[in-house]
Enquirer: 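I'd like to ask some things about the structure below.
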Amino acid sequence: MQNTTQPSFRHDICKEDKVMIPYGRQSISDDDVAAVSEVLRSDFLTQGPRVPEFEQAVAAYCGVAHGVAMNSATSALHVACMALDVGPGDLVWTSPISFVASANCARYCGADVDFVDIDPANSNMSAALLADKLAAAKASGRLPKVVIPVHLAGRSCDMAAIADLANEYGFSVIEDASHAIGGRYYGNPIGCCEFSDITVFSFHPVKIVTSAEGGMAMTEDPELASRMERLRSHGITRDEGEMHESPHGPWYYEQVELGYNYRMTDLQAALGLSQFGRIETFIEARHKIAARYDTLLPDLPIKLPVPVPTDQGRSGLHLYPVRVDQTRGAPPRAVVFRRLRAAGIGVQVHYIPIHIQPDFKQFGFEHGQYPAAEAYYAEALSLPMFPALTEEDQDTVVAALTLALKA
Ligand SMILES: *Cc1c(COP(=O)(O)O)cnc(C)c1O
């Protein structure tokens, strides 16, 4: 494994900083390079054999029937909403503490977005607040069509409780598991869709496994799978069973609905597949780093992420987010952030609550609306966390953080 120090996510880095240790970074091996080179020399750069191989490998690992690869998790979330017939007039709820893509997928479909505040104990969508909001929504006659829980930092939401509510109120569930491939919820892999209609993974380079850009939608439902396959490629079908006319000849295909070009290339799938072969190594490395942070950081004025109890599953540990605790004498998070960046530590904030993004103001969202999310945002700081982070790098992070937290 290489360990160069270039950040992978340049637009994510403040201009004035020279980052030496990024918060996340891909691990590319010689096998990964060989797998991509092999595709480059093959007949198919796109739509060849690697995409279905990658889909089958991820589906088998998750114990789910279908995986539909796409060019990003954002595309997969969009197509997942479309496959669940989300459209104008519908409502989709998600967590305010997520990347904007978790909410934008509904807006692409012309639907309205709303949010359910987080549980301060684990920063995921609160199932209790979801229950309260559903009861109120039922009374006012505007229940959501789809709810999108986000497994923040790789830790599963309380999916059993969310699935019970889905049954009671009749909404569909898309898990945004962009942070969580390799994680488990109780005994089962995240992505098995035991408690959801569709689960989406991201393969962006900062995530756990990368295909450069890429995402995948997992589902048990063959109809949802074939609808998503069609939607990722222009809404075109070559399946006679789905056609309106009998085929005009061997060249014939039909566009039966409006879809997109969201296909993953074979180059991306080859990289993803090769990376995916090392997923257990990646997850173990992340757990080792987190456990070491847990032992090195407890005396500082920060709140550490609460680990998932082993009988409740396993986090994918995409991130290691701490909370800067001013009540215990820490300076404001912004000060700590700037000091760490100045010291060459590529800390990041996950996330700015979606509802306070300027583009969401037009829907009437305001500061103060989701207090737990906003309190989390005021304190959150993701420390560097990626498989190739060395103990020496980690010691540098801990030393810089210790200094940055001094009043
Ligand atoms: C990264 C991310 C996405 C989007 O993933 P892309 O593959 O970059 O489109 C969506 N949701 C969450 C929670 C993410 O972290």
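Start at 1 and go down the list; that is how both ligands and their atoms are numbered. Bear in mind the structure is a predicted one, so any value in this text is a computation, not a measurement.
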Enquirer: Identify, by atom number and element, the atoms of ligand 1 in contact range of Ser102, meaning under 4.0 Å from any of its heavy atoms.
Expert: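 Under 4.0 Å from Ser102, ligand 1 has these atoms: 11 (N).
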Enquirer: List the steps, then state whether ring-ring contact (aromatic ring centres under 6.0 Å, His included) holds for His350 with Tyr23.
Expert: CA-CA 11 Å; His350 298 97; Tyr23 83 87; 4.7 Å; yes
Enquirer: With sequence neighbours excluded, give me every ring-ring contact (aromatic ring centres under 6.0 Å, His included) pair touching residues 388-407.
Expert: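 Listed by first then second residue: nothing to list.
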Enquirer: Please list, chain by chain and in numerical order, all residues satisfying ring-ring contact (aromatic ring centres under 6.0 Å, His included) with Phe115, sequence neighbours excluded.
Expert: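 Partners of Phe115 under the ring-ring contact (aromatic ring centres under 6.0 Å, His included) test: Phe365, Tyr370.
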Enquirer: Is the positively charged end of Arg238 above the ring of Tyr252, judged by distance under 6.0 angstrom from the centroid and angle within 45° of the axis?
Expert: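 So Arg238 doesn't make the cation-pi contact.
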Enquirer: Would you kindly specify which portion of Phe201 sits under 4.0 Å from ligand 1, judged on non-hydrogen atoms: side chain, backbone, both or neither?
Expert: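 Neither; nothing of Phe201 gets under 4.0 Å from ligand 1.
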Enquirer: Given that the side chain starts at C-beta and the backbone is N, CA, C, O, which of these parts of Val150 lies under 4.0 Å from ligand 1, counting heavy atoms, or is it both or neither?
Expert: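 The part of Val150 near ligand 1 is the side chain, not the backbone.
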Enquirer: Which one holds for Thr74 and ligand 1: side chain close, backbone close, both close, or neither close, with close meaning a heavy atom under 4.0 Å?
Expert: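 It is both backbone and side chain that touch ligand 1.
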Enquirer: Given side chains that start at C-beta, do those of Val206 and Gln348 come closer than 4.5 Å, heavy atoms only?
Expert: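 No, too far: nothing below the 4.5 Å cut-off.
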Enquirer: So, is Leu77 polar-close to ligand 1, with some N/O to N/O distance under 3.5 Å?
Expert: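 No: no nitrogen or oxygen of Leu77 is under 3.5 Å from one in ligand 1.
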Enquirer: Given His204, His350, Lys207, identify the one with the heavy atom nearest to atom 2 (C) of ligand 1.
Expert: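 The residue whose heavy atom sits nearest atom 2 (C) of ligand 1 is Lys207.
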Enquirer: Geometry only, no angles: is Ser98 polar-contacting ligand 1 at N/O separations under 3.5 Å?
Expert: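 Checking ligand 1 against Ser98, no N or O pair falls under 3.5 Å apart.
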Enquirer: Do we get Arg333 above Tyr377's six-membered ring, with its NZ or CZ under 6.0 Å from the centre and within 45° of the axis?
Expert: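 Output yes; distance and angle both within limits.
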Enquirer: One residue to check: His318. Relative to ligand 1, which of side chain, backbone, both or neither has a non-hydrogen atom less than 4.0 Å away?
Expert: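 Contact part for His318 vs ligand 1: neither.
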Enquirer: Run the numbers for me: atoms of ligand 1, each under 4.0 Å from some heavy atom of Tyr351, listed by number.
Expert: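 Selected atoms, number and element: 15 (O).
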Enquirer: Is Val324 close to Leu405 at the side-chain level, that is, under 4.5 Å between some pair of heavy atoms?
Expert: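 Yes, their side chains come closer than 4.5 Å.
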Enquirer: Can you check side chain to side chain donor-acceptor pair (under 3.5 Å) on Thr46 and Asp266, steps first, answer last?
Expert: CA-CA 4 Å; Thr46 186; Asp266 251 36; over 6 Å; no
Enquirer: Among protein heavy atoms, which lies nearest atom 15 (O) of ligand 1, and at what distance?
Expert: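 Residue, atom and distance for the closest contact: His179 NE2, 2.7 Å.
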Enquirer: What protein heavy atom sits nearest atom 11 (N) of ligand 1, and how far away is it?
Expert: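 Checking every protein heavy atom, the shortest distance to atom 11 (N) of ligand 1 gives Asp176 OD2, 2.7 Å.
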Enquirer: Could you tell me whether Asp395 and Arg292 make a salt bridge, using a distance below 4.0 angstrom between a side-chain N and a carboxylate O?
Expert: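 So Asp395 pairs with Arg292 through a salt bridge.
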Enquirer: Counting from 1, what ligand 1 atoms have a heavy atom of Ala101 closer than 4.0 Å?
Expert: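 In order of number, 10 (C).
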Enquirer: Counting heavy atoms only, which of Ser178, Gly215, Gly214, Ala180 is nearest atom 10 (C) of ligand 1?
Expert: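 It is Ser178 whose heavy atom sits nearest to atom 10 (C) of ligand 1.
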